[in-house]
Amino acid sequence: MPMEKTFDATEAEPRLYAAWEQQGCFRAGAGARRDESFTIMIPPPNVTGALHVGHAFNNTLQDIMIRWHRMRGFDTLWQPGQDHAGIATQLQVEKKLMAESNLRRTDLSREDFVAKVWEWKAESGGTIINQLKRLGSSCDWSRNAFTMAGAPGDPRTGHENSPDFHDAVIKVFVDMYDKGLIYRGKRLVNWDPHFETAISDLEVESREIDGHMWHFKYPLAGGETYTYVEKDADGNVLFKEVRDYISIATTRPETMLGDGAVAVHPSDERYAPIVGKLCEIPVGPKAQRRLIPIITDPYPDPTFGSGAVKITGAHDFNDYQVAQRSGIPLYRLMDTRGHMRADGAPHAIDAARAQDIANGAAFTEAEVDALNLVPDDLRGRDRFEARDRVIAQVTAEGLAVMVPDTDSRLGKPKKPSEEAPEQVPLVEAKKIMAPYGDRSQVIIEPMLTDQWFVATDKIVKPALQAVRDGRTTIMPESGEKVYFHWLENIEPWCISRQLWWGHRIPVWYDEDGNHYCAPTEADARAQAPGKTLTQDPDVLDTWFSSGLWPIGTLGWPEQTDELKRYFPTDVLITGQDILFFWVARMMMMQLAVVDEIPFHTVYLHQLVRDEKGQKMSKTKGNVIDPLEIVDEFGADALRFTNASMAALGGVLKLSVDRIKGYRNFGTKLWNACRFAEMNGVFENHKSGAPIPRNPSETVNKWIVGETARVREEVDAALEAYKFNDAAAALYSFVWGKVCDWYLEFSKPLLLDGNEAEQAETRATMAWVLDQCLILLHPIMPFITEELWQTLGDRDRMLALTPWPEYSADQIDPAADAEMNWVVGLIEDVRSARAQMNVPVGLYVPVLQLQADDAARRAWSSNEALIKRLARIDSLTETDAAPKGAISISAPGASFALPLADIIDAGAEKARLEKALAKLGKELGGLRGRLGNPKFIESAPDEVVQEARDNLSLREEEEAKIKAALSRLAEIA
């Protein structure tokens, strides 16, 4: 049955994917013909997730590598799975529970709520799996893993190849606890007041918002005074006055209640007279106000604001570090909901004890944590309501810094000049970066809480050394610098979360507060016979469990055949944004647990952006839905686009127009195969047809060599993870060499050649198109598989067809030189015609000024093709070109096109000069921006790269216009 006129991706893609699965094409080891294994671990998407452009890009690159290695005969495993995504999943189920039953999580028991989560996972957890299949991802779905598999409540009835991941997670926690690598402690963490849990840095979004800076006076204790002096860089006195206070600026006045000190830089001479003295926190009942010390620390910037910084160690990460260095108490002000604390003794009692501690009295961490320094009238109030009240109280007390109401910093219009302008509080309107929970959308509070931590300083060195000694390579190289910076400055890793969904921390407490770490409650009871035990309510950070992904999915702690075969894995392809949160933690955890690197290569890519390089967001309206792209253009077009823009370290700009272009590329391939089919090329054609040996026709010799050349280019590009180079080489070969040239060159042989010439050309064309399908398959699996099945009698699916191994020694030097001479001449004539605006359909004469024997043979053997494809009506030999002719060169020959009577040279020159002038202005602007150091330093990397890309494109355009003007000069 003849081929359809077009490829129907909507119908074919699900049919082909089902056939691949039915025939086991994606199973681990499918098609293996060699001993080497090749393994990729999928970065597990959230079980709540849906396919977005980042997933589509990332999984395309993984699939290209997997399909390429599978076809090369490697024992290949692409391990799929999903992350249980604690906070994200809990949010989804809470929303569902409220919408359907008007119930909150806390209206259910913990066990009942977790059962609801498992129900939701069974109903909706496979969404992203099906979406990845639509993309063509060739994972071994029989091994699909889940980071909560085997946990209490898991309703699975048995998955043949999915190990109990939960057992691995719990074992690692217990082992690391026993080795002193996991401990419980009190540290500052990101706290989400909505979910009432600690969250990771990755779950915090920094947003620029409109904020304010308030300036307050902290009176010196006992009415002391000092002379405040400001000087210029040369030591000249600019301002001098006697003060009885130190001025601070804050964007969070509500945290003043928990101040432990005021810090100034050691070199700041303005405050040298009062360092070591006490000052008063200007809020709360007058009789109960605390005095805090004025200390020195490198943290304050003497050039910013007043140079004095209040230190609230329990509610600011920078302040926490200062407090730790100086032994400053950490006073917690808020509860888990972000309200001012309402627990504990009356404020007067707590304030008195806090004053004793500030005066040098001994204290314990537990005692300080129990102190509630929130005044009675603010207890239980929301933190932002408390802020307003604190501001009002300080201002009413007369302790706000006052300035004339003519200061532009107030954001108010200046008043007409007055002898005594009104004094108003100094409040600076300013942009501030506020941390928001990415799920809750509320402002995150730095909070001092008891949590479980990994002592990362004890396990980080092997992870650093593995990259330093080259056992693991991070690409691009800039990723290594980031990796080293993070790990060399690593903090303890908070691994506990105050959620219900997740791996429950395997620690039990007795009534005296002693804790027992064990894999099960029965084991814990064996450690504490006769005691009543209660399990820790917290769960583990999802990054802890996903940090064990490579070994956990392969059956560890059991020494499974899969673990022996596929670990260590080979390459990890993931976004650079999780280099620290996931990649570095996998490195640390695998080395700590099994003393082995998890992968030898890490390929990091940037965020996928829109065609202008802008981050996609619903607010901007520039979000591209990959499933809509697949619906409209097919998965292959999206995949080829992803591969083509995957320049290592480059900005990833996804354009719908580009996707359309690669859809057209698929159509070009389809039409080429239809042409071949209609000319009997695939009659009696079978899989594994051998490479044509010693063809007699020059054009067939040439295309065999070109095929061998591109095979080497593609392999070299993929070996180096240069996906864009592989895509570019295939595009140029398939569209350019095969479709545009070879099919055209073959027509005379197919239509008018003798029987032997026709047979040779059909066999060569069948082989060449087969190679196009094979080489394109890793990038464009659907259309190539459909063509493979449609054309010829195949003994296996293309997905398992062996990858070719022929090399460039197939190139015939004489045929290569001749056909490339012909192609080059035709392209040069076409280019000259286009530059000079010669009408497309007009045949023009060509003058031959000189030609060696090889050039003459090339012309003679291909004259009809050259004339037809270059629109040439005649060739005349002459000694010199007449005035009004433009020159064209070819190896061993020179030609001229007499165009004086064909085009209006003056008009063409004016048109080109106008275009060049306009381009010159654009180039000047771009070069000015890129030559400005401030632009390079301050602009986002993607903006700088976009400017460089634009400059490169416009410089190419400028060169073409100048070349055209040079040719016009020959005519004039």
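Keep in mind it's a predicted model, so treat the numbers as computed, not measured.
With W452 as the fixed residue, the side chain to side chain contact (heavy atoms under 4.5 Å, CB included) test singles out one of Y183, Y177, F544: Y177. If you run ring-ring contact (aromatic ring centres under 6.0 Å, His included) between F165 and each of W549, F146, W556, only W549 comes through.
Comment: E365 does not engage K186 in a salt bridge, judged by the lack of any side-chain N to carboxylate O separation of less than 4.0 angstrom. Using a cut-off of 4.0 Å between Lys/Arg side-chain N and Asp/Glu carboxylate O, E521 and R525 are scored as salt-bridged. The pair K171-D167 does not meet the salt-bridge criterion, since no charged nitrogen lies less than 4.0 angstrom from a carboxylate oxygen. Between R497 and D541, at least one side-chain nitrogen of the basic residue sits less than 4.0 Å from a carboxylate oxygen of the acidic one, meeting the salt-bridge criterion.
Taking the centre and axis of the six-membered ring of F453, the NZ or CZ atom of R184 falls outside the cone set by 45° and 6.0 Å. Judged by the 6.0 Å distance and 45° axis criteria, R468 is positioned over the aromatic ring of F484.
Residues W78 and W141 keep their aromatic ring centres 6.0 Å or farther apart.
Under the 4.5 Å side-chain criterion, counting only non-hydrogen atoms from C-beta, V571 is in contact with F38. Residues L607 and D577 fail the side-chain proximity criterion, which asks for heavy atoms closer than 4.5 Å. Contact annotation: the side chain of W582 approaches that of P43 to within less than 4.5 Å [non-hydrogen atoms, C-beta and beyond]. Residues K531 and W508 form no side-chain contact, since every pair of their non-hydrogen atoms from C-beta on lies 4.5 Å or further apart. The closest side-chain heavy-atom distance from M65 to Y603 is not below 4.5 Å. The side-chain heavy atoms of V322 and I328, taken from C-beta on, include no pair separated by under 4.5 Å. Two residues are said to be in side-chain contact when any heavy atoms from C-beta on lie closer than 4.5 Å; P598 and M587 meet this criterion. A 4.5 Å side-chain heavy-atom check between I551 and M589 finds every atom pair outside the cut-off.
Counting only distance, with no hydrogens or angles, the side chain of D259 and the backbone of K310 share no donor-acceptor pair below 3.5 Å. Between the R252 side chain and the H315 main chain, a donor and an acceptor come within less than 3.5 Å of each other. Although no hydrogens or angles enter the test, the distance criterion places no donor-acceptor pair under 3.5 Å between the side chain of D438 and the main chain of Q441. A donor-acceptor contact shorter than 3.5 Å is absent between the side chain of T473 and the backbone of T601. Under the 3.5 Å distance criterion, the side-chain polar atoms of S37 are matched with a main-chain donor or acceptor of R565. Of the possible polar contacts, one joining the D510 side chain to the D512 backbone as a donor-acceptor pair under 3.5 Å is found. D536 places no side-chain N or O within 3.5 Å of a backbone atom of I505 that could act as its donor or acceptor partner. With hydrogens and angles disregarded, a donor-acceptor distance shorter than 3.5 Å links the side chain of S137 to the backbone of L132. In this structure, Q527 contributes its side chain and C517 its backbone to a donor-acceptor pair below 3.5 Å. Counting only distance, with no hydrogens or angles, the side chain of H503 and the backbone of T147 share a donor-acceptor pair below 3.5 Å.
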| query | Where do H166 and H84 land on the side chain to side chain contact (heavy atoms under 4.5 Å, CB included) test, with the steps shown first? | reply | CA-CA 11 Å; H166 175 74; H84 65 279; over 6 Å; no

| request: For the pair L448 and Y320, evaluate side chain to side chain contact (heavy atoms under 4.5 Å, CB included) and give the outcome as yes or no after the intermediate values. | output: CA-CA 9 Å; L448 191 67; Y320 177 80; 4.0 Å; yes

| request: Could you give me the CA-CA distance, side-chain angles and deciding distance for L97 and L108, then say whether side chain to side chain contact (heavy atoms under 4.5 Å, CB included) is met? | output: CA-CA 10 Å; L97 194 63; L108 280 65; 3.9 Å; yes

| query | Run the side chain to side chain contact (heavy atoms under 4.5 Å, CB included) check on T255 and D316 step by step: do they pass? | reply | CA-CA 9 Å; T255 64; D316 183 275; over 6 Å; no

| task | Test side-chain hydrogen bond (donor to acceptor under 3.5 Å, both in side chains) on R187 and Q451 and set out the steps. | result | CA-CA 7 Å; R187 287 181 63 87; Q451 303 286 347; over 6 Å; no

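Closest approach of Q62 and M41 over heavy atoms only: OE1-O, 3.9 Å. Between V309 and P300 the shortest heavy-atom distance is CG2-CB, 3.8 Å. Between Q590 and G547, the shortest heavy-atom distance links the atoms NE2-O, 2.9 Å. Of all non-hydrogen atoms in Q90 and R105, the two that sit nearest each other are NE2-NE, 3.2 Å. Scanning all heavy atoms of the two residues, the minimum distance from I459 to A592 falls at CG2-CB, 4.1 Å. Contact detail for L373 and A354: the closest heavy-atom pair is CD2-CB, 3.6 Å.
Between H515 and Y509, the two ring planes are perpendicular [angle over 60°; tilted spans 30° to 60°]. Between H52 and H55, the ring planes lie parallel to each other; the angle is under 30°, not in the 30° to 60° tilted range.
The NE2 atom of H339 lies 15.5 Å from the CZ atom of R379; values are rounded to the nearest 0.5 Å. Taken to the nearest 0.5 Å, the OG atom of S206 stands 10.5 Å off from the CD1 atom of I444. Atom CG in N59 sits 7.5 Å away from atom CD1 in I128 (nearest 0.5 Å). Summarising the geometry, atom CG belonging to L77 is positioned 7.0 Å from atom CD1 belonging to I66; distances are rounded to the nearest 0.5 Å. With rounding to the nearest 0.5 Å, the separation of CD1 in I42 from CG in D140 is 11.5 Å. Here CG of L330 is found 10.0 Å from CG of D319. Values are rounded to the nearest 0.5 Å.
For CZ of R104, the number of neighbouring non-hydrogen atoms (other residues, nucleotides, ligands) closer than 6.0 Å is 12 at most.
Neither side chain, W120 nor Q92, offers a donor N or O lying under 3.5 Å from an acceptor on the other.
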